[in-house]
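The block underneath contains the structure these notes are about, expressed in structure tokens.
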Amino acid sequence: MNTQELDKKYVLPTYARADVEFVSGNNARLVDSKGKNYIDFTAGIGVISVGHANKRVNAAISSQISNITHISNLYNIAPQAKAAQKLVEASGYDMQCFFGNSGAEANEGAIKIARKFGEKDGEVKRYKIITLNHSFHGRTITTVKATGQESMHNYFGPFPDGFVYAENMAQIESLLDDHTCAVMIELVQGEGGVAPQDKEEVKKLEKLLKSKNILLIVDEVQTGGYRTGEFLACGIYGITPDIITLAKGIGGGVPIGVVMTSLKDVLCAGDHGSTFGGNYLSTAATCEVMDILKEYKDSGELEKNTLLFNQAVESLYNNHKDIFTQKVGIGMMCGLRVKDAETLGKIITNAKEHGVMVLKAGRNTLRFLPPLTITKEEIDEGFKSLESAISNI
Ligand code: PLP
């Protein structure tokens, strides 16, 4: 049986997979099982931030696993402690980290911290967490309920209580009450349609929550790891949240999730844990990814290539104003609103045929999450193919 047949027979059908199997990659280049070449503007949905088959990350992983891969969190783990240091130093905040294995797990950790904070700190038990419509926070029972998309709550109940959705940032204030322990937001909604929040509204919310002793949780699972140009989108927005979650782009493709918080004494030994979280394998990869990205940022390369990439998106937009209605996003998390969902579907299919991989976000947004290390040649090649793909519609 080939891969597709094996997949159909043995893997649960939870994904609507495209009919392609990639067998190798190099930075923003991919090759499929038939030998066809592609430019990757998806980076595995924002994961492969330092490119496919990154030699430095591979060497760091190889060197680590030739000594020790896993021993459990019952003992000290050198790369975990170092990764925490690198993440905290890059953030500029006075925080500590907890390591899990995914974005959803990071958000679960954030919710647990907020709920325990709410229980401890106040006369009334505070448990309510406000999230935004069109948000995405994960697929576990709790994080899917935290996700402000009713269509994702059709089955699986009963859900944990206490999640309330605000239509927009302005509505949050009216939903705060004596039971509210936290507000959780994405600064740029990714799955919701590459939609950045307004800077002034975010700052206003931060101030309001501080005055009411309600926590601000920022889900940086997609925006974090220099995706928006700074290590954290929080840096661009000029805010200091209480809890930040990270995953995707900080592990070089190795599963990792992180909760960072300034609330260092809320969780005690036994309150939270993970068998795999922060093991030698994932944190050795994160240490190397953090070093690579810091060098890339400090050298000015990230800024240069982000500009090139955005200029290319802008040209595509200007060349096809009959199809695209708006350019959206920040940094290497950008997109184009497409006039309708059907046309977007055609663009994605045609792009694949023309050898360039792109993503959908929300109902009608063409989303780009390229490797942050994408080169000028790869950008030029990818957008040339995309032009042909779109001209063919
Ligand atoms: N939060 C945000 C903002 C995300 O974009 C995602 C995934 O797309 C998640 C959480 C869930 O992450 P994971 O799929 O690693 O559980």
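Treat the numbers as computed from the prediction; the structure is a model and nothing was measured. As the structure lists them, so they are numbered: ligands from 1, and atoms in each ligand from 1.
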- Message: Please check: side-chain N/O of Tyr237 versus main-chain N/O of Gln197, any donor-acceptor pairing under 3.5 Å?
- Response: yes

- Query: Between His134 (side chain) and Gly148 (backbone), is there a donor-acceptor pair under 3.5 Å?
  - Reply: no

- Note on the structure: So for Glu191 against ligand 1, with non-hydrogen atoms under 4.0 Å, the contacting part is side chain

Is there a side-chain contact between [X] and [Y] in this structure, where contact means two heavy atoms from C-beta onward sitting under 4.5 Å apart?
X: Ile45; Y: Lys248; value: yes
X: Arg29; Y: His52; value: no
X: His70; Y: Leu281; value: no

Nearest to [atom], what protein heavy atom do you find, and at what distance?
atom: atom 1 (N) of ligand 1; answer: Asp219 OD2, 2.7 Å
atom: atom 12 (O) of ligand 1; answer: Gly103 CA, 3.3 Å
atom: atom 16 (O) of ligand 1; answer: Ala104 N, 2.8 Å
atom: atom 5 (O) of ligand 1; answer: Gln222 NE2, 2.8 Å

State the atoms of ligand 1, each with its element, that fall below the 4.0 Å cut-off from a heavy-atom position in [X].
X: Glu186; result: 3 (C)
X: Val221; result: 1 (N), 2 (C), 4 (C), 6 (C), 9 (C), 10 (C), 12 (O)
X: Asn107; result: 1 (N), 10 (C)
X: Ser102; result: 15 (O), 16 (O)

- Taking N or O atoms only and a 3.5 Å limit, does Lys248 qualify as a polar contact for ligand 1? yes

- Message: What I want to know is whether Phe136 and ligand 1 share at least one N or O pair that is separated by under 3.5 angstrom.
- Response: yes

- Query: Can a donor-acceptor pair be found between the side chains of Asn101 and Ser282 at a distance below 3.5 Å?
  - Reply: no

- Query: For residues Ser315 and Asn318, is any side-chain donor paired with an opposing acceptor at under 3.5 Å?
  - Reply: no

- Item | Short N-O contact, Lys203 and Glu206, less than 4.0 angstrom | no

- Item | Option of least heavy-atom distance to atom 10 (C) of ligand 1 (set: Gln189, Glu108, His137) | His137

